[in-house]
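All values below come from the heavy atoms of this structure, side chains included, with hydrogens, waters and symmetry mates left out. So you know, we letter chains A, B, ... as the sequences are listed, proteins then strands, and number each from 1.
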Number of protein chains: 2
Amino acid sequence: MNKLKTNSAEKSILDAAKTIFLQKGMDGARMQGIADEAGINKSMLHYYFRSKELLFNAVFMEAFSTLAPQLNEILNSDRSICDKIKGFSHNYITFVIAHPYLPNFILQEINRNKAFVQDLISKKHFPSIKKFKLQVEEKVADGTLRPIKAEHLFINIMALNIFPFVAAPLLKGILGSSDAQYKNLVEQRKTEVAAFIINSIKL
Amino acid sequence: MNKLKTNSAEKSILDAAKTIFLQKGMDGARMQGIADEAGINKSMLHYYFRSKELLFNAVFMEAFSTLAPQLNEILNSDRSICDKIKGFSHNYITFVIAHPYLPNFILQEINRNKAFVQDLISKKHFPSIKKFKLQVEEKVADGTLRPIKAEHLFINIMALNIFPFVAAPLLKGILGSSDAQYKNLVEQRKTEVAAFIINSIKL
DNA sequence: ACATTTGTCAACCATATGGTTAAACCTTTT
DNA sequence: AAAAGGTTTAACCATATGGTTGACAAATGT
């Protein structure tokens, strides 16, 4: 059978599954909904991916794979800490504006199935804080940075960049922002977040 | 019929529903699971709350009501900005350590049903940033604070306090922390977060 | 004491849902 | 062109699920 046809069917299923799973999560998604989204028969889903769980795993892995590498900019590149923070904030926010469902999906599913994280950690290339920690400790020791634990700094960087997306509906409500106004606010954060962090840690 | 008996049945249903819904969300929760948790017949759920959706609404409102008032410490109290940040961070983190499923539940459900936020906003006492915004603008104008938009400052305060809870499993993985180590880290943040923010904004 | 209301439960119902099957339908191979 | 093998579909299936019903028990009012 035609490799192209097979690949394209598999691909269109995965695309549809991504659309549905990212919006509704594992529990809220329906196999029929994914089939409809892909414009194919429900049996095809099982033909190519066996079960809802395996299809979901494929989607989750793909989603996680697009976010995880960005962490290497912070954790494993050789740039200065300030450059890392500026670069990551700008790139991450730009990326997530284009994929707004991603962060929420990852958080939701990682909280739903904690054994899942164990699985991810065991994989190669799972981000680790080791190198970043050495870098921070060095800069704190030589007086370039205020004393701060690398763990806290890392959590803060993640929090300031990711939270505005996962809490968007609530924040819009509290701030009384329209979609356009909030989008504008998020746009500002491409530079605002890094400035905020660097203000806090630079001596 | 005995008011006490009625109240206690209703209460035990709500408690059970809270336990299940907070852990599994609307989509993942099962009415039978809630009945089992409450140790009663499934029909009772419908007798007291009509439908899954109404029971869920009751749980959600109760959950939201416990978190929303804490925002008033930031948004509407008369203390100084620094005191607010210190007070909120300490209180919020203390509170959520005792109710670890709450933040994730709120975020997940608010993202699932965005019309829900509209409903919340229309209610009285929904937190608004108005007063806080005036206070920040005043302090920026008189040179006490570095220039920063109140919106960004507010988002940052929320992000730094809430994110470590909603992303806990992932952060544990990246940081390589045990449950105990991570709990310790979160404990430190009761003061660390406020210090980080104040470092950044104080002149 | 007895009727009325309120609370509780087991059995039941209609539908939704993940998954299977067997036949039809291409493509490629020979 | 016929066999072979992968692909696609409609029809099914078993079970799970939210919700209903009718009988019965427990309070309450009179």
Nucleotide D:dT20, atom C1' - distance to CE of B:Met44 in whole Å: 16 Å
Atom pair distance, as rounded to whole Å: CD1 in B:Ile20 and P in D:dG18: 12 Å
Interatomic distance where CD belongs to B:Gln32 and C1' belongs to C:dA11 [whole Å]: 13 Å
Interatomic distance where CZ belongs to A:Arg50 and P belongs to C:dG19 [whole Å]: 10 Å
Heavy-atom side-chain proximity of A:Phe116 to A:Asn57 below 4.5 angstrom: yes
Salt bridge (Lys or Arg N to Asp or Glu O under 4.0 Å) involving A:Asp27 - partner list, sequence neighbours excluded: none
Contacts of A:Lys172 that satisfy side chain to side chain contact (heavy atoms under 4.5 Å, CB included) - sequence neighbours left out: A:Asp179, A:Tyr182
Sort me out a list of protein N/O and nucleotides 12-17 of chain C N/O pairs below 3.5 Å, or just none if empty.
residue	atom	partner	partner atom	Å
C:dT17	OP1	A:Arg30	NE	2.7

Counterpart residues, side chain to side chain contact (heavy atoms under 4.5 Å, CB included), relative to B:Ser51 (two or more places apart): B:Glu53, B:Leu54
Among D:dT8, C:dA10, C:dT8, the one nearest A:Tyr48 by side-chain distance: D:dT8
Side-chain donor/acceptor pairs under 3.5 Å, residues 161-169 of chain A, sequence neighbours excluded:
residue	atom	partner	partner atom	Å
A:Asn161	OD1	A:Ser89	OG	3.4
A:Asn161	ND2	A:Ser89	OG	3.2
A:Asn161	ND2	A:Ile157	O	3.0

Whole-Å distance separating the CG atom of B:Leu45 from the P atom of C:dC9: 11 Å
Nearest listed nucleotide, side chain of A:Ser43, among D:dT20, C:dT20, D:dT8: C:dT20
With sequence neighbours excluded, residues passing side chain to side chain contact (heavy atoms under 4.5 Å, CB included) with B:Thr94: B:His90, B:Lys190
Within residues 61-71 of chain A or reaching into it, pairs that qualify as side-chain hydrogen bond (donor to acceptor under 3.5 Å, both in side chains) - sequence neighbours excluded: A:Lys18-A:Glu62
Non-neighbouring partners of B:Lys202 that pass salt bridge (Lys or Arg N to Asp or Glu O under 4.0 Å), sequence neighbours left out: none
Nearest listed nucleotide, side chain of B:Tyr47, among D:dT8, D:dT9, C:dT8: C:dT8
Selection from C:dC9, D:dT8, C:dT20 that lies nearest to any side-chain heavy atom of A:His46: C:dT20
End-to-end axis angle, where each axis spans five pairs of the helix from C:dA1-D:dT30 to C:dT30-D:dA1, to 10°: 10°
For atom CZ of B:Phe49 and atom P of D:dT20, their distance in whole Å: 16 Å
Contacts of type ring-ring contact (aromatic ring centres under 6.0 Å, His included), residue B:Tyr92, not counting sequence neighbours: B:Phe88
Flag side-chain contact, heavy atom, 4.5 Å: B:Ile34 against B:Thr19: no
Salt bridge (Lys or Arg N to Asp or Glu O under 4.0 Å) against A:Arg112, all qualifying residues, sequence neighbours excluded: A:Glu109
Between protein and nucleotides 23-25 of chain C, what N or O pairs are separated by less than 3.5 Å?
none

